[in-house]
Structures are given as C-alpha cells and as structure tokens.
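See structure below.
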Amino acid sequence: MRIMMDCDTGIDDALAILYLLGSPDAELIGVTGVFGNVQGSVAVRNSRGLLDCLGRPDIPVYEGAGEPSYWQAGPGTAGKPYTIDPGCERFHGKNGFGGAQLPGLPSSYSRGSIYADGAAAIAEAVRRYGTGMTILATGPLTDIDEALRRAPDIAPKMKLVMMGGTLTQPGNCYDLVCETNIINDPEAADRVFHSGADITMVGLDVTHQCLMTRGHMRAVRQADTPLAEFICQMADYYISANEAADPVFAQGSPLHDPLAAAVALEPSLVQLFPISLRAETRTGDGYGVRGRTVGDPAMLHTSADEPGSKASVSHTRAALGVDSVRFVSAWRKRLLKVCSEYPQR
C-alpha cells in the first residue's frame with residue numbers, strides 16, 4: 001500500500017511514521033510537513049531527521065503550508081506571522097518531540113533531501129498513482145486543500161484518510177467542542193469535505209478508545225537501543241501531558257495519528273458511517289461553532305426513483321467504532337519491530 005503522509009510532526013505523528021515503517025505492507029513514498037503541533041519548518045525538520053535516523057534518506061520530505069489558508073485574508077491576521085497555539089506545546093513540547101532528542105546518525109547512514117512545495121507533490125502523486133495510493137493527513141488539511149485548489153481534476157482520484165474531527169465526542173480544544181486539526185484551518189477542511197475526494201475521517205470518536213500506556217513503554221525500553229530510548233522519552237512526555245489535561249486519560253494517552261495510519265493500511269479496523277460532512281467556519285446563531293465537524297444536509301439530493309425523497313451522495317465516511325484491542329496489539333508489535341531493527345548501542 002503506497003502512502004503519502006502530510007503531517008505536523010509532533011509526538012503522535014512520529015509514532016505514525018514509525019508504525020508505517022514497521023509495517024511490511026506499507027510503502028511510504030513521501031512526507032509533507034505542515035504547521036499545527038509545531039511550526040511547519042519544525043515539522044519538516046522533525047520528519048527528515050526521524051527518517052534519516054531510521055536509515056530512510058530515500059523517502060522525500062516536502063515543505064508544506066506554514067499558516068492556515070485564511071491567514072493572509074483575515075482582517076486581524078493579514079501581514080502577521082503565524083504562531084502555534086500554546087496548547088500544542090503543552091502536548092508536544094517546544095521541539096515537537098517533548099524535548100527528546102533524535103539519536104545521532106550511524107556512520108553508515110546518509111541524510112535525505114528536503115524539497116519545496118508539498119501541495120504540488122501531493123497533486124503529482126495523486127495524478128501518478130490515483131486510488132493506488134492513499135494520502136494520510138494527520139495535521140490541518142491546508143496542504144490537501146491547496147493541492148485540490150491547484151488541480152481540481154485530482155479529486156475523483158484522491159483517496160484520503162485523515163485524522164481529525166469528531167461527531168459523537170467532545171472536542172479536544174479549549175472549548176471542548178472542536179478537534180485540533182480542524183480548528184487550525186476550518187475553511188480548508190470544509191473545502192476538502194466538499195471536493196468529491198474519497199475521505200475516511202478517523203476522529204476522536206475512535207482515537208480516544210486506543211490508548212498508549214506506560215506499560216507499553218516499559219516493553220519498548222527493554223529493546224535497549226537509541227531509538228527505543230528516544231521513543232520512551234517522547235511517550236513519557238505525551239502521557240504525562242494527557243494525564244495532567246484530563247482525568248479520563250489516567251489509563252493511557254490516545255494514539256490519534258497511529259490509528260489513522262493503521263486505518264490507511266487496514267480499513268477493517270474501524271466501523272465506518274457514511275455521512276456528508278462539513279466543517280463549521282463561523283460561530284454564532286445559525287452557524288454553530290467554528291471548527292466543529294457536522295453532517296451537511298445540503299449534500300443530499302432528490303432520488304429520481306422516489307420523488308421527494310432524499311439520498312446522500314457523499315464520498316465521506318466517519319469512523320465511529322474501532323477494534324482497539326487488535327489495533328493496539330499491532331501498533332505495539334510494529335513499534336518493537338522498528339526498535340529491534342535500529343542499530344544497537
């Protein structure tokens with residue numbers, strides 16, 4: 001399964017990359033870095049550094065969006081530098097890895113390249129592979145939206161699995177309504193939902209059921225490699241941040257992005273609900289709350305067979321159920337596999 005990943009590489013994005021590289025049935029053909037958990041430039045640097053440390057300089061990394069699509073058009077934001085929400089640093093640290101430092105490259109490893117224009121790379125990949133490739137988006141949908149804006153003809157060929165949104169759960173932002181990746185660029189998300197692309201939304205409805213525990217990290221640490229130590233330091237920071245944020249995570253921290261990566265490879269892990277989606281772009285009476293993902297009744301059409309009836313024509317599905325036991329077991333095995341394959345001390 002070919003995967004092109006668009007990510008704001010913080011801790012769970014890094015765990016998703018590790019999951020893909022530990023999966024024998026996955027071919028990661030490229031990574032684009034977008035703002036979100038960290039500045040876009042940091043996401044690019046983190047992805048390149050992690051891939052290099054794993055001996056994969058062959059996987060290209062591209063620079064994506066450094067700010068939301070609405071930023072330069074906003075009356076209060078135009079001309080101003082974009083800054084990351086302080087809440088993101090709370091969960092991912094200043095460097096996106098919770099302060100953990102990537103291990104040094106073995107002497108036999110080389111460094112890969114960083115290329116410009118992630119949106120162009122996404123569009124080119126969809127044109128080349130079509131539905132023989134999945135776009136995995138684990139950050140704001142700004143790069144996906146830009147690729148579709150430049151090349152609207154790719155929409156019917158695009159298969160997108162995204163981590164973001166929520167239908168049946170509270171949000172994970174300050175207002176407990178919106179999900180972080182969507183609120184970072186609601187306009188982009190709304191346009192992507194309406195693009196006609198084939199979309200699977202892996203949101204908080206299912207990621208909150210898939211938890212990483214300190215027990216998992218004790219098993220990883222026993223691998224006794226530089227990579228294992230790096231992973232454990234990241235995870236310790238992430239688990240502690242989630243515990244401090246909400247008592248509901250006392251049992252473990254959500255594996256948001258790794259679950260989306262797993263669904264891109266094995267859709268049967270989740271139960272999917274077909275629904276036409278929109279992202280609210282305004283707040284107030286008659287609008288709802290900006291950044292919330294909801295069903296879109298405007299995307300219903302009258303059936304020719306039954307005049308007056310309504311039927312959905314959506315290409316969008318939301319994951320509302322998950323085989324968490326099967327996924328977490330697979331995630332743990334792949335993580336241990338990657339750690340064992342990394343050069344020993």
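Here the structure is a predicted model, which is why all the values come from computation and not from measurement.
Across every non-hydrogen atom of Asp143 and Ala65, the tightest pair is OD1-N, 2.8 Å. Ala319 approaches Val206 most closely through the heavy-atom pair O-CG1, 3.6 Å. Considering every non-hydrogen atom in both Val177 and Arg292, the closest pair reads O-NH1, 2.7 Å. Taking every heavy atom of both residues into account, Val38 and Ala43 meet most closely at CG2-N, 3.5 Å. Closest of all the heavy-atom pairs between Cys232 and Arg221 is CB-NH2, 3.1 Å. Between Met201 and Phe193, the closest heavy-atom pair is SD-CZ, 4.2 Å.
For the side chain to side chain contact (heavy atoms under 4.5 Å, CB included) test with Leu160, the passing option among Val192, Thr134, Asp6 is Val192; the others fail. The only member of Asp8, Asp13, Asn181 that meets side chain to side chain donor-acceptor pair (under 3.5 Å) when paired with Thr138 is Asp13. Ile29 pairs in a side chain to side chain contact (heavy atoms under 4.5 Å, CB included) with only one of the listed residues (Arg128, Met4, Met5), which is Met4.
Listed by chain and number, the residues in a side chain to side chain donor-acceptor pair (under 3.5 Å) with Asp85 amount to none (sequence neighbours excluded).
Between the Arg48 side chain and the Ser113 main chain, a donor and an acceptor come within less than 3.5 Å of each other. A donor-acceptor pair under 3.5 Å is absent between the side-chain atoms of Arg334 and the main chain of Leu18, judged by distance alone. Between the side chain of Asp190 and the backbone N or O of Pro186 there is no donor-acceptor pair closer than 3.5 Å. In terms of modelled atom types and a separation under 3.5 Å, the side chain of Asn242 and the main chain of Phe249 share no donor-acceptor contact. Looking at His92, its side chain does come within 3.5 Å of a backbone N or O of Ile11 through a donor-acceptor pair. The backbone N or O of Arg2 lies less than 3.5 Å from no partner atom in the side chain of Glu27, so there is not a single donor-acceptor pair. Formation of a donor-acceptor pair under 3.5 Å by the Thr166 side chain with backbone atoms of Leu204 is not found in this model. Checked by atom type and distance alone, the side chain of Glu266 never pairs as donor or acceptor with a backbone atom of Ser268 at under 3.5 Å. Judged purely by atom type and a 3.5 angstrom limit, Thr131 has no side-chain atom pairing as donor or acceptor with the backbone of Lys157. Arg290 places no side-chain N or O within 3.5 Å of a backbone atom of Thr283 that could act as its donor or acceptor partner.
Here the CG-CZ distance, from Asn46 to Phe97, works out to 3.5 Å after rounding to the nearest 0.5 Å. Taking CG of Asp185 as the reference point, atom CD1 of Ile144 lies at 11.5 Å (rounded to 0.5 Å).
The aromatic rings of Tyr115 and Tyr62 sit tilted relative to each other, their planes meeting at an angle between 30° and 60°. The aromatic rings of His256 and His208 sit tilted, their planes meeting at an angle between 30° and 60°. Using cut-offs of 30° and 60° on the angle between ring planes, the pair Phe35 and Tyr82 is perpendicular.
Between the side chains of Arg149 and Ser69, no donor-acceptor pair is found at a separation under 3.5 Å. Side-chain N/O atoms of Asp205 and Thr168 include a donor and acceptor closer than 3.5 Å. In the model, Asp296 has a side-chain atom that pairs as donor or acceptor with a side-chain atom of His194 under 3.5 Å. Side-chain contact check for Ser240 and Arg214: at least one donor-acceptor pair (N or O, by modelled atom type) lies under 3.5 Å. For Thr9 and Ser47, the side-chain atoms include at least one donor-acceptor pair closer than 3.5 Å. Between the side chains of Glu67 and Gln72, at least one donor N or O lies within less than 3.5 Å of an accepting N or O.
When hydrophobic clusters are built by joining Ile, Leu, Val, Met, Phe, Trp and Tyr residues whose side-chain heavy atoms come closer than 4.5 Å, directly or via intermediates, Met133 is grouped together with Met162. A continuous path of hydrophobic side-chain contacts links Leu336 to Ile231 [ILVMFWY only; heavy atoms under 4.5 Å]. There is a path of hydrophobic side-chain contacts, each under 4.5 Å, that joins Phe327 to Leu272.
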Q. Yes or no on side-chain contact (heavy atoms from CB on, under 4.5 Å) for Leu54 and Glu341, after CA distance, side-chain angles and deciding distance?
A. CA-CA 9 Å; Leu54 294 166; Glu341 292 174 347; over 6 Å; no
